[in-house]
Protein chains: 2
Amino acid sequence: MAPSRSPELDPQRPYCSIERALIVLTDRWAFLVMREALLYDVERFADFRERLDIATNILTNRLDRLVQAGVLERTEYREPGSRTRPAYRPTPAGRDLTVVLGALQQWGDEHVPREDGPTMTRREQGSAAPLRVDFVRDDGPSVPLDRVEFARV
Amino acid sequence: MAPSRSPELDPQRPYCSIERALIVLTDRWAFLVMREALLYDVERFADFRERLDIATNILTNRLDRLVQAGVLERTEYREPGSRTRPAYRPTPAGRDLTVVLGALQQWGDEHVPREDGPTMTRREQGSAAPLRVDFVRDDGPSVPLDRVEFARV
DNA sequence: CGGTATCCTATAAGATACTG
DNA sequence: CAGTATCTTATAGGATACCG
C-alpha cells in the first residue's frame, strides 16, 4: 500500500501561510511527533511508538509525511556494537517549528492548565531565565497583543 | 442530533500543555475559524461560511465547540434597523491564540512560501514596525532558537 | 440569516498479526 | 527493531434540502 501523502500544496491557490503550515501539520499526531522530536530529542521509531502510545501503522504514516514535508530527516544511527537503525531528526525547517510548539504550550499552560500546574518550562540555556513566546520588533522589545496588527502586503 | 463535543479534558491524564491546547484546536477548521475571528474580525455566521467555504453543519459544529472551549463567545449584534443577529467574538483566552496563529503564519511564510510571496504581515500598530514571533526573556531581549531549552519543572 | 436534519464519502484512529 | 498488511470503527468533511 502506498503511504498516504500529505494533501498537496497547490502553489496557485491562495492559501494563506497559516493554512499552508497546517497542511504540513495535518493533525494532532503530526504535532505530537514533532513535540517528541524537538522537545525530547526522540529519534527512534520504537521510542516514538512507546512514548506516544501510537499504532505502528499510523506512526509510519506520520513519520513518512513529516519527512516528505521536509521537517524530519530520516538518517541512520549506529550504536557501538549494534546494527544501524533509522533515526528521524528535525531539519532546520523542523527546528523552526519549536516556536509554534512553544506558543501552543504557553497558551495551554495559561488557558487549559492542569490542576497540578505545568510540567515543562521554557528557559534560556545557561542563564536558565524563563522564556515567553511573544511578538517582538526587530530592534528588540516585545509588543503587547493589543498593539499587534495583521495587514495585507 | 446533539452537537458533537470536543474530546474531553480529563484533568487527571498527564497531557502536556501542547496536547491540551490541541484538544481545543481539534482540527484545521478550528484554526481557520479562529484565524477569521482574530485576524479579519469576522463575527457573523454567514461571513465565516462564505470566506471559509465551509458547509453550514460543520461551521455550526466548530463554532459550538470553540464557544464551549471558551475561546469564542456568542453574543448578539444589532445593526440599526435590522433584527439582532448572533455574533461570535474572541474571548480573552481566544485573543491569546493570536500568538499561535502568528507563529504558524511566520513558519509558513519561511518554509512553505507562496511563489508570489506572503500576503499578510505582522506589524506594530502605530509604528508599523514589522513584528516577529520569538522566544523572549522577561527583561526584554529575544533568544535565538539554539539557546532555548525545555525543562521539566 | 442562521441555522437543522439527512445522507454519504474520505480520512483518521486503532487493534492485531506478521516479517526481514 | 522497524516496520507491513489487514480490518474495523470513529470522526471529519461535504452536498443538499429544509425551516423559523
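Residue numbering restarts at 1 for every chain, and letters A, B, ... go by the order of the sequence lines.
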**Complete:** Whole-Å distance, Glu43(A) CD to dA2(D) P, equals 11 Å
If you restrict it to nitrogen or oxygen atoms, what contacts under 3.5 Å exist between nucleotides 1-3 of chain C and the protein, and what is each distance?
residue, atom, partner, partner atom, Å
dC1(C), O3', Arg85(B), NH1, 3.4
dG2(C), OP2, Ala46(B), N, 3.2
dG3(C), OP1, Arg74(B), NH1, 2.7
dG3(C), OP2, Tyr88(B), OH, 2.8

**Item:** Residues that, via side-chain heavy atoms closer than 4.5 angstrom, fall in one hydrophobic cluster with Val136(A)
**Value:** Val136(B)
**Item:** Set of residues satisfying side chain to side chain contact (heavy atoms under 4.5 Å, CB included) with respect to Arg152(B), sequence neighbours excluded
**Value:** Thr119(A), Met120(A)
**Item:** With sequence neighbours excluded, residues passing side chain to side chain donor-acceptor pair (under 3.5 Å) with Ser17(A)
**Value:** Asp109(B)
**Item:** Rounded distance (Å) that lies between atom P of dG3(D) and atom CD1 of Ile58(A)
**Value:** 15 Å
**Asked** Between dT4(C) atom P and Arg49(B) atom CZ, what is the distance in whole Å?
**Response** 15 Å
**Request:** Please state how far atom CG in Leu22(B) lies from atom P in dA13(C), giving the value in whole angstrom units.
**Result:** 12 Å
**Prompt:** Rounded to whole angstroms, how far apart are CG on Asp27(A) and P on dG13(D)?
**Reply:** 11 Å
**Arg65(A) side-chain N/O to dT11(C) phosphate OP1/OP2 under 4.0 Å** = no
**Item:** Partner set under side chain to side chain donor-acceptor pair (under 3.5 Å) for Glu50(B), not counting sequence neighbours
**Value:** none
**Prompt:** Does any pair with a residue in residues 78-130 of chain A pass ring-ring contact (aromatic ring centres under 6.0 Å, His included), and if so which ones, sequence neighbours excluded?
**Reply:** Trp107(A)-His111(A)
**Request:** Please state how far atom CZ in Phe48(A) lies from atom P in dG3(D), giving the value in whole angstrom units.
**Result:** 11 Å
**Any N/O donor-acceptor pair, Asn57(B) side-chain to dT6(C) base, under 3.5 Å** = yes
**Request:** Could you list the residues that satisfy side chain to side chain donor-acceptor pair (under 3.5 Å) with Thr60(B), not counting sequence neighbours?
**Result:** none
**Prompt:** Between dG13(D) and Arg62(B), is there an OP1 or OP2 to side-chain N/O distance shorter than 4.0 Å?
**Reply:** yes
**Between dT4(D) (P) and Asn61(A) (CG): distance, integer Å** = 10 Å
**Item:** Pairwise distance CZ(Arg89(B)) to CG(Leu38(B)) - rounded to 0.5 angstrom
**Value:** 13.5 Å
**Fill in**
Residues in residues 29-39 of chain B with a heavy atom under 4.0 Å of DNA chain D, by number, are Trp29(B)
**Request:** Using the salt bridge (charged side-chain N to carboxylate O under 4.0 Å, His left out) rule, collect all pairs that involve residues 134-144 of chain B, keeping only residues at least two apart or in two chains.
**Result:** Glu124(A)-Arg137(B), Arg132(B)-Asp134(B), Arg137(B)-Asp139(B)
**Message:** If I take atom CZ in residue Arg78(A) and atom P in nucleotide dA2(D), what distance separates them, rounded to the nearest angstrom?
**Reply:** 14 Å
**Message:** Tell me every residue that passes side chain to side chain contact (heavy atoms under 4.5 Å, CB included) with Glu36(B), counting only those two or more places apart in sequence or in another chain.
**Reply:** Tyr40(B), Val42(B), Phe48(B), Arg51(B), Leu52(B)
**Fill in**
Residues passing the side chain to side chain donor-acceptor pair (under 3.5 Å) test with Thr56(A), sequence neighbours excluded, are none
**Message:** Angle between the two end axes of the helix from dC1(C)-dG20(D) to dG20(C)-dC1(D), five base pairs per end, rounded to 10 degrees?
**Reply:** 50°
**N/O donor-acceptor pair under 3.5 Å between Thr26(A) side chain and Ile23(A) backbone** = no
